[in-house]
Amino acid sequence: MTSTVSSGPAFRAADLGTLAVIAWSGEGPDGNGDVPFLLAYSMGDSPAGPEAAEAAVRGLLETNGLTVGTTVHDAAGRPRFPVSLLVEAGQAVVTMPLLNAQCSVPPEWLAAAEARKSAYFLFTTRVWPDATPGSPVTEKELEEFVGSEETLLASAHCLLPIRRVRA
């Protein structure tokens with residue numbers, strides 16, 4: 001008997017298209033103050049199209065051992081976790097094998113990160129072509145995209161400890 005092993009979708013960096021990261025803070029489900037959130041997404045502008053961008057993001061996540069769906073990956077106490085978060089000089093830098101992404105964070109995000117010592121990171125396979133890097137996103141647009149079940153179920157969810165540059 002012969003069996004075939006599937007390794008999931010192949011990761012093709014060229015198919016990612018433009019990747020962006022957006023930061024905001026808001027009341028957490030635990031009711032204990034603001035949570036700093038980060039969302040990474042593709043604009044879907046890959047030369048191969050939005051479907052290829054979705055598949056490439058999924059492949060990148062799976063290559064790094066991250067599941068898409070409702071599981072929250074807690075990186076605390078896991079030194080080999082594939083995603084890390086550095087916060088310095090008003091910037092959040094998310095690093096994972098094959099990818100580094102940086103974004104400016106508002107003061108309220110920094111305050112929430114300082115209080116919690118961690119941030120909630122979502123990396124969605126769902127493309128968001130309307131959220132162009134450098135252009136403002138309204139609270140309503142953010143809430144509609146991030147709050148939709150489609151986006152939440154198409155995302156890897158991670159709780160990342162805040163790291164700082166050591167002096």
Side-chain angles (χ1 to χ4, degrees), residues 3-30 35-87 92-103 105 109 112-113 116 118-133 137 139-163:
S3 63
T4 305
V5 176
S6 173
S7 61
F11 169 65
R12 290 180 23 101
D15 289 342
L16 287 171
T18 303
L19 292 178
V21 177
I22 190 168
W24 76 98
S25 61
E27 183 69 30
D30 59 9
V35 173
F37 292 97
L38 292 168
L39 171 71
Y41 60 93
S42 170
M43 291 190 59
D45 57 354
S46 158
E51 294 81 15
E54 288 179 15
V57 170
R58 184 176 297 276
L60 174 65
L61 295 172
E62 290 181 3
T63 296
N64 286 292
L66 300 174
T67 57
V68 171
T70 59
T71 299
V72 178
H73 302 276
D74 189 346
R78 295 178 60 192
R80 291 200 169 113
F81 193 75
V83 185
S84 65
L85 174 60
L86 174 71
V87 177
V93 181
V94 177
T95 303
M96 60 192 302
L98 307 173
L99 179 70
N100 290 320
Q102 178 176 330
C103 75
V105 292
W109 190 96
R116 292 215 177 230
S118 64
Y120 197 100
F121 174 65
L122 297 103
F123 196 153
T124 187
T125 63
R126 186 176 177 209
V127 299
W128 195 11
D130 301 329
T132 307
V137 172
E139 191 172 325
K140 182 180 180 197
E141 291 169 323
L142 181 65
E143 188 175 299
E144 286 176 355
F145 185 79
V146 177
S148 80
E149 185 175 12
E150 183 181 357
T151 299
L152 294 172
L153 292 176
S155 298
H157 300 253
C158 303
L159 187 58
L160 301 176
I162 303 292
R163 297 192 173 130

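Worth knowing before you read on, the calculation uses all heavy atoms, side chains too, and leaves out hydrogens, waters and symmetry mates.
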Task: Criterion side chain to side chain contact (heavy atoms under 4.5 Å, CB included) on H73 and T67, from CA distance to verdict - done: CA-CA 8 Å; H73 302 276; T67 57; 3.0 Å; yes
TODO: Identify the heavy atoms of G44 and V127 that sit nearest to each other, and give their distance.
DONE: CA-CG1, 3.5 Å
Open item on the list: I want to check something: taking the side chain as every heavy atom from C-beta on, are R126 and F145 in contact at a cut-off of under 4.5 Å?
Closed with: yes
Task: Nearest atoms (heavy-atom pairs only) where P47 meets A14 - done: CD-O, 3.9 Å
Task: Gap separating the CG atom of N100 from the CG atom of L86, nearest 0.5 angstrom - done: 10.5 Å
TODO: Evaluate side chain to side chain contact (heavy atoms under 4.5 Å, CB included) for M43 paired with T132, printing each intermediate quantity in order.
DONE: CA-CA 7 Å; M43 291 190 59; T132 307; 3.7 Å; yes
- [ ] Check whether any side-chain N or O of D15 sits under 3.5 Å from a backbone N or O of A52 as a donor-acceptor pair, and report yes or no.
- [x] no
- [ ] State whether E54 and R58 are salt-bridged, where the test is any N-O pair (Lys NZ or Arg NE/NH1/NH2 against Asp/Glu carboxylate O) under 4.0 Å.
- [x] no
Task: Whether H157 side chain and L152 backbone form a donor-acceptor pair below 3.5 Å - done: yes
Task: Closest non-hydrogen atom pair between P97 and P82, with its separation - done: CD-O, 3.1 Å
Task: Flag side-chain contact, heavy atom, 4.5 Å: V146 against F37 - done: no
- [ ] With rounding to the nearest 0.5 Å, note down the distance linking OG in S42 to CZ in F123.
- [x] 8.0 Å
Open item on the list: Taking ring pair (Phe, Tyr, Trp, His ring centres under 6.0 Å) as the cut-off, I'd like each qualifying pair that reaches into residues 40-69, sequence neighbours left out, listed once.
Closed with: Y41-W128
Open item on the list: Quick check: do L38 and C103 have side-chain heavy atoms less than 4.5 Å from each other?
Closed with: yes
Open item on the list: Show the nearest heavy-atom pair for residues T151 and S155, with the distance to one decimal.
Closed with: O-OG, 2.6 Å
- [ ] State, with a plain yes or no, whether a side-chain heavy atom of L85 is found less than 4.5 Å away from one of F121.
- [x] no
Task: Smallest separation among heavy atoms of T125 and V57, with atom names - done: CA-CG1, 3.8 Å
Task: Side-chain heavy-atom pair T124, L39 within 4.5 angstrom cut-off - done: yes
Open item on the list: Taking atom CD as the centre, does E143 end up with more than 12 heavy-atom neighbours from other residues, nucleotides or ligands that are less than 6.0 angstrom away?
Closed with: no
Open item on the list: Give me the atom names and distance for the closest heavy-atom approach of A40 to V21.
Closed with: CB-CG2, 4.1 Å
Task: Validation row: L160, V83 side chains within 4.5 angstrom (heavy atoms) - done: yes
Task: From CG (L60) to CG (L19), nearest 0.5 Å - done: 8.0 Å
Open item on the list: Between M96 and L66, is there a side-chain heavy-atom distance shorter than 4.5 Å?
Closed with: yes
